[in-house]
**Student:** 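Have a look at this one.
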Amino acid sequence: MSTNEKVGHTEAPIKETNKVAGDAPALDDAPEKKKREYKEMEHEKTGDLHAKVDMNTIQFTATDLYDKDKVDIEHVVMEEVFQLLQCDEGGLTEAEATDRIGIFGPNKLEEKKENVLLQFLSFMWNPLSWVMEGAALVAIALSNGGGQPPDWQDFVGIILLLIINSTIGFVEERNAGNAVKALMDSLAPKAKVKRDGKWRDIESADLVPGDVIAFKHGDICAADCRLTEAIDVSMDQAALTGESLPVSKKLGDECFSGSTCKQGEVEAVVISTGPNTFFGRAATLVGQDNDQVGHLQMVLARIGTFCLVSIGIFVVLEIVILYPRFHYTYRRGLNSILVLLIGGIPIAMPTVLSVTLAVGAQQLAKHKAIVTRITAIEELAGVTILCSDKTGTLTTNKLTIDKENVKCYSSWDVEGVCLLAAYASRTENQDAIDGCVVGTLANPGLAREGIELLDFKPFNPVDKRTEITYRDNRDGGKLKRATKGMTGIIIEICSRNKTSAMEDQLEADVEEFARRGLRALAVAHEDVTGDAKDGQGNGFELVGLLSIFDPPRSDTKQTIDDAMALGVKVKMVTGDQLAIAKETGRRLGLGDHMYPAKVLKDGPEAGSKHANLDEMIMDADGFAGVFPEHKFEIVKRIQALGHLCAMTGDGANDAPALSRANVGIAVEGATDAARGAADIVLTEPGLSTIVHAIYGSRVIFQRMRNYAIYACAVTIRIVVCFAIMSFIWQFDFPSFMVLIIAVLNDGTIMTLSLDRVLPSTTPDSWDLAEVFAYGIGYGLYLSVSTIALFAVMHSTDFFENKFGVEAIKETNDYRGHMVIYLQVAIISQALIFVTRSHGPSWTERPSIALMLAFCLAQLISSIIAAFGNWGFTQVHAISGGWIGIVWVWNIIWYFPLDALKFLMKKTIIAALQKRKAKKAAAATISNTGDRLQRTASRHESMYSNRTSFLSRAANRLRGGAKISMSQNELQRFSSIQAQQSGAALTRAHSRPAAA
């Protein structure tokens, strides 16, 4: 029997009163009055139904049996269940079971096999890689002619960079774990089934609809079934509904695959297996949006587009200017174009960001937050709304007596009432209620200290109370009795000192508890006459009323306050009842603007302050009575309104929303299912770790933003600088040296993952207009520094006269190439110190790793300049004098970069921010008038690491129509989460599955 039925939520009693207990005539002297009812709140049940169509038209296939437009097999009368499944309570024969395996398939999900080679190659399919792949083809295939061999050096360098980048992404994904193993382990491996009239144990995968199965206390339900025999049955569905207490089941009720039997014994008929269960249907709930591209990928797509457009413009200009105007040969023109392709694209951007995120994930792990999808770190930095499950997340998922709300009706004080309730509780093999009652005592041993147990009557579904008869050794060995249980039952058996005023007060207290979502537990006491344990008592007297609730975690309120201080709005989304949600919200300071889940389907009531559902969701502090599809819908709508949404949870019921959310967070103690669906797994109790994770993610975000500005600036400085030098002087910079610059730059920039930065106090977002503006400004400035150096070197005698260095006058002198190489390599890397700082670059100390990497890269660049006589790439070593000139030149040009930053911030950036604010204000006005128009979900399919044509090609090789999941999907949504969260679809139309 469910502990819900033991205690239950209490609805408003029939009689409403606010009288206070006082002197009143005893009940025996009172005039006859109506019977009082202390009605306990129960789970909403759907009554027995009948098929919606003629039973003879329903085919014996999965498509028909699980189509709720025709029949709701979970709730139709049992006679129709047996008729639909073509079986009886005697079970099936082995021959029938074998036939049904062919019709319905095994009781498991199929794994979608992935081609490892296609998976690896998919990481080379994005705009940044396309440009580099094109450059590789130009180097090896098109760079022929003029008596010169193909450009093998550039080709090999480009291919190596592509392979390194793809390998990092591939290894990261392949290390996600064996999803299929987690899936299979979560299913009950064995099931007790009646075949050929005999009970036997079989593999749960061999179960079919129509099988008769049996399970008892401690067993896991192996398939969705309807009960044909039920003896005091209670099923633990906490991970399904989010409620704290097990749910009672009676004859005809449904049990869901993966739920645990906490009490009683069961015989049941299997109604669905494998992909046709709630398990399989819920799995599709997560898989249906698997084409959605991550937020970071969308950002990378736009940065990549910026770089592509910049390169494309100048490549076209070189083609239309160099060939017709300067009569470049085919090979010479290709070499110039190759410089723009190799130097302009930030080829290592995915690699640099992956390293930054991976190092950030290691740093978050020190705060007990394990990141399972590293790109979620970037999205966490921009999260504006945190949707949190209540049970086990905001609360402890452990029932507790609220001593502050204990009501006393006799001479017993609060401690005395709690002690009597503990007497009437088991101290071993406790259920949830007995455990929380005994837990109120300072020492559990006090529940039996000073008394001698004579008789104990445990809870049963008929009496609905527990009772103890004991000898009180501290009161001269007198025999006494104590009882606790449902309010209506306890007050009914009380006969001593029961007055009308007391009953009025009890009704008022119970009603108050019900409004606040507290479960009521009444306690009574009597003295036993004589020395026999079954002797007559002097009549029970009501001594107190206990309130039972699931208390918030000790750090939850502070964590919520901290999250709000960081600009993150917290919303509670729970499967528990509305009154409980409101009470929890009040205790945590969340507010009590809570709404029942039905509004997600029906929308706001007519005449309410909310004009549509989106507006209600944004205004709400939380939702109660929700199921997985409700949580999924809430997250989806929040995202559609332009917000990045995080979802926390601990149970399998949270899994679809965890998977759909931009950032899914599984709290400490979460089920394997929730951990499988989450992006971040907490290993410390409570939500305080989330604050550390948000703070840490914003640090990481700043590092990535700094790199993005740097990458855009380098793209502009390369394509603009070398294109203009080609147009003015027909300067042919060697493409291999651009590759060397890229390698040294990116090696240095990877140390940004350890850099010191100041995080934002508000949610971060990618203002790409600002990033591009800074990139263009810095890039043009650096281009001018290089062009000016070449102009002075090529057209004047300034350096020769002042420093006594050798003259370099020829346009394409190999030494001139080396001078330009060194100047570009040094100042390009120095730019990172400007982009990483908010104030003057010398006032914000970088990390030691970044500083050492910069110094090492400059040492290598200087050594190359001094000794690099590389004829194959058209460079020649230069003297120490020229190296010194380049260093002084770059230092002189470096310091105005800070002035440029502040100038841009005051002018261009300020104008962009002003325009953005105007657009936001206009959108607010529009939303006020149009009531929050939904915005289209933003997808950047071009930058997906999964190419659609590769997916389609793989799908064509599989064939069949059975529901299946890829390893990646299974890892994001493992078995228990699918089994148990899928049960929420009981209120929704099921998807027809293949027969």
Side-chain angles (χ1 to χ4, degrees), residues 294-296 299-300 303 352-371 373-386 555 558-570 643-646 648 661-663 665 679-680 682 684 687-711 749-768 770-771 774 832-851 901 905 909 913 916:
H295 185 257
L296 182 59
V299 172
L300 288 177
I303 295 176
V352 170
L353 295 184
S354 292
V355 171
T356 301
L357 291 170
V359 172
Q362 294 175 358
Q363 293 170 341
L364 290 180
K366 296 177 182 178
H367 293 290
K368 310 300 182 183
I370 299 173
V371 180
R373 181 175 66 90
I374 63 171
T375 55
I377 297 174
E378 178 268 341
E379 296 179 34
L380 182 60
V383 161
T384 55
I385 295 179
L386 172 62
D555 65 342
Q558 183 61 48
T559 299
I560 291 174
D561 292 341
D562 291 343
M564 290 181 174
L566 290 171
V568 180
K569 167 71 174 173
V570 181
H643 292 271
L644 290 186
C645 180
T648 70
N662 299 95
V663 183
I665 304 171
D679 304 306
I680 297 175
L682 307 184
E684 230 174 39
L687 295 180
S688 60
T689 307
I690 292 180
V691 175
H692 293 296
I694 292 175
Y695 184 89
S697 69
R698 292 183 184 178
V699 169
I700 297 163
F701 180 91
Q702 289 298 319
R703 293 168 179 163
M704 291 192 296
R705 177 185 174 276
N706 296 341
Y707 172 72
I709 294 174
Y710 169 82
I749 296 305
M750 283 188 187
T751 59
L752 275 179
S753 59
L754 300 172
D755 194 24
R756 297 184 179 94
V757 294
L758 296 175
S760 170
T761 57
T762 57
D764 286 309
S765 62
W766 284 99
D767 190 342
L768 291 180
E770 180 180 322
V771 170
Y774 276 124
I832 191 58
F833 297 110
V834 178
T835 65
R836 65 171 293 277
S837 58
H838 297 284
S841 57
W842 60 85
T843 62
E844 297 182 25
R845 186 163 58 95
S847 66
I848 295 177
L850 177 59
M851 199 65 206
K901 174 172 63 179
K905 189 177 294 186
I909 303 304
Q913 291 176 343
K916 184 178 179 181

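Predicted model only: the values in this text are computed from it and were never measured.
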**Student:** Is it true that a side-chain atom of Asp679 and a backbone atom of Ala376 form a donor plus acceptor pair closer than 3.5 Å?
**Tutor:**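 Checking the backbone N and O of Ala376 against the side chain of Asp679, no donor-acceptor pair under 3.5 Å is found.
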
**Student:** Measure the spacing between CD1 of Ile700 and CD1 of Ile377 and express it to the nearest 0.5 Å.
**Tutor:**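 The distance works out to 4.5 Å.
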
**Student:** Would you say Lys901's side chain and Gly839's backbone share a donor-acceptor pair under 3.5 angstrom?
**Tutor:**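 Yes: the side chain of Lys901 pairs with the backbone of Gly839.
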
**Student:** Could you check, using the six-membered ring where one of them is a Trp, whether Phe833 and Trp842 have ring centers closer than 6.0 angstrom?
**Tutor:**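 Ring centres of Trp842 and Phe833 not closer than 6.0 Å.
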
**Student:** Nearest heavy-atom pair of Gly382 and Pro763: which atoms, and what distance?
**Tutor:**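 The pair with the smallest heavy-atom distance is O-CB, 3.9 Å.
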
**Student:** How far apart are the C-alpha atoms of Ile680 and Leu682, what are their side-chain angles, what is the distance that settles it, and do they pass the side-chain contact (heavy atoms from CB on, under 4.5 Å) test?
**Tutor:** CA-CA 7 Å; Ile680 297 175; Leu682 307 184; 4.1 Å; yes

**Student:** So, Asp755 side chain and Ser847 main chain: donor-acceptor pair closer than 3.5 Å or not?
**Tutor:**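 Yes; at least one donor-acceptor contact below 3.5 Å.
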
**Student:** Please lay out, stage by stage, how Leu566 and Thr762 fare under the test side-chain contact (heavy atoms from CB on, under 4.5 Å).
**Tutor:** CA-CA 5 Å; Leu566 290 171; Thr762 57; over 6 Å; no

**Student:** From Ser837 OG over to Arg845 CZ, what is the distance, rounded to the nearest 0.5 angstrom?
**Tutor:**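 Rounded to the nearest 0.5 Å, the OG-CZ separation comes to 14.5 Å.
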
**Student:** Assess whether side-chain contact (heavy atoms from CB on, under 4.5 Å) is satisfied between Arg836 and Tyr707, documenting all intermediate values.
**Tutor:** CA-CA 8 Å; Arg836 65 171 293 277; Tyr707 172 72; over 6 Å; no

**Student:** Any idea which heavy atoms bring Lys916 and Ser765 closest together, and the distance?
**Tutor:**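 So the two residues come closest at NZ-OG, 4.1 Å.
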
**Student:** Any ion pair linking Arg698 and Glu378 (charged N to carboxylate O, less than 4.0 Å)?
**Tutor:**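 No salt bridge links Glu378 with Arg698.
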
**Student:** Donor-acceptor check, side chain of Glu770 to backbone of Ile909, threshold 3.5 angstrom: yes or no?
**Tutor:**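 A pair under 3.5 Å: no.
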
**Student:** How many angstroms lie between atom CD1 of Ile303 and atom CD1 of Ile709, to the nearest 0.5 angstrom?
**Tutor:**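 Here the rounded value is 9.5 Å.
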
**Student:** Under 4.5 Å between any side-chain heavy atoms of Val568 and Ile385, yes or no?
**Tutor:**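 With C-beta onward as the side chain, the pair stays apart.
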
**Student:** For a side-chain contact (heavy atoms from CB on, under 4.5 Å) check, start with the C-alpha distance between Arg705 and Tyr710, then their side-chain angles and the critical distance, and finish with the verdict.
**Tutor:** CA-CA 9 Å; Arg705 177 185 174 276; Tyr710 169 82; over 6 Å; no

**Student:** If you measure from CD1 on Ile665 to CG on Leu380, what distance do you get to the nearest 0.5 Å?
**Tutor:**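 It comes to 5.5 Å.
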
**Student:** Could you measure the distance from the OG1 atom of Thr689 to the CD1 atom of Ile694? Nearest 0.5 Å is fine.
**Tutor:**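 Answer rounded to 0.5 Å: 11.0 Å.
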
**Student:** Will you find, in the side chains of Gln702 and Asn706, an N or O donor that is under 3.5 Å from an N or O acceptor?
**Tutor:**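 No, because no side-chain N or O of Gln702 sits under 3.5 Å from a partner of the opposite role on Asn706.
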
**Student:** Quick one: does any side-chain atom of Ser841 pair with a main-chain N or O of Val834 as donor and acceptor, under 3.5 Å?
**Tutor:**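 Absent.
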
**Student:** Within this structure, what is the CG-CZ distance for the pair Leu850 and Arg703, rounded to the nearest 0.5 Å?
**Tutor:**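 Separation between the atoms: 10.5 Å.
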
